[in-house]
Amino acid sequence: FNGMKFFLSGTFSSPSKADLTSLIVAGDGQVLPRKPAASDPHALIILSAEHLSSAQTRNWAAYGDRCKSYVWLFDCISQ
């Protein structure tokens with residue numbers, strides 16, 4: 001995750017937001033405290049399960065394929 005920025009959107013219970021933050025930081029990524037500009041090509045939006053399955057995803061349309069499920073983080077780590 002070196003050089004990448006992440007914004008965690010939604011309520012995370014399992015894994016917790018703290019656990020996801022620890023994984024990102026351990027991989028040299030940066031967790032952003034607020035929503036990044038849609039024009040930032042290095043910022044990814046990590047959506048909670050709640051946001052993936054709701055109308056919330058429309059709020060992130062400007063980010064296109066830079067919106068990822070929290071599961072994506074684990075897929076990256078496992079490869």
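Since we're looking at a predicted model, the values are computed, not measured.
- The two residues Gly10 and Ser48 make their nearest non-hydrogen contact at CA-OG, 3.5 Å.
- Among pairs with a residue in residues 11-28, none fulfils salt bridge (Lys or Arg N to Asp or Glu O under 4.0 Å), at least two apart in sequence or across chains.
- The side-chain contact (heavy atoms from CB on, under 4.5 Å) search around Ser22 returns none, not counting sequence neighbours.
- Partners of Asp40 under the salt bridge (charged side-chain N to carboxylate O under 4.0 Å, His left out) rule, at least two apart in sequence or in another chain, are Lys5.
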N/O donor-acceptor pairs under 3.5 Å from side chains in residues 72-79, not counting sequence neighbours:
residue	atom	partner	partner atom	Å
Ser78	OG	Phe74	O	3.3
Ser78	OG	Asp75	O	3.0

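- Between atom CG of residue Leu8 and atom CG of residue Leu44 there is a gap of 10.5 Å, rounded to the nearest 0.5 Å.
- Here Leu32 contributes atom CG and Ile46 contributes atom CD1; the two are 11.0 Å apart, rounded to the nearest 0.5 Å.
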*Take Tyr63 and Lys35, measure what side chain to side chain contact (heavy atoms under 4.5 Å, CB included) needs, and give me the verdict at the end.*
CA-CA 11 Å; Tyr63 293 86; Lys35 182 171 126 176; 3.5 Å; yes
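- Between the NZ atom of Lys68 and the CG atom of Leu47 there is a distance of 10.5 Å, given to the nearest 0.5 Å.
- Taking the ring-ring contact (aromatic ring centres under 6.0 Å, His included) definition, one finds that Phe1 meets it with Phe6, sequence neighbours left out.
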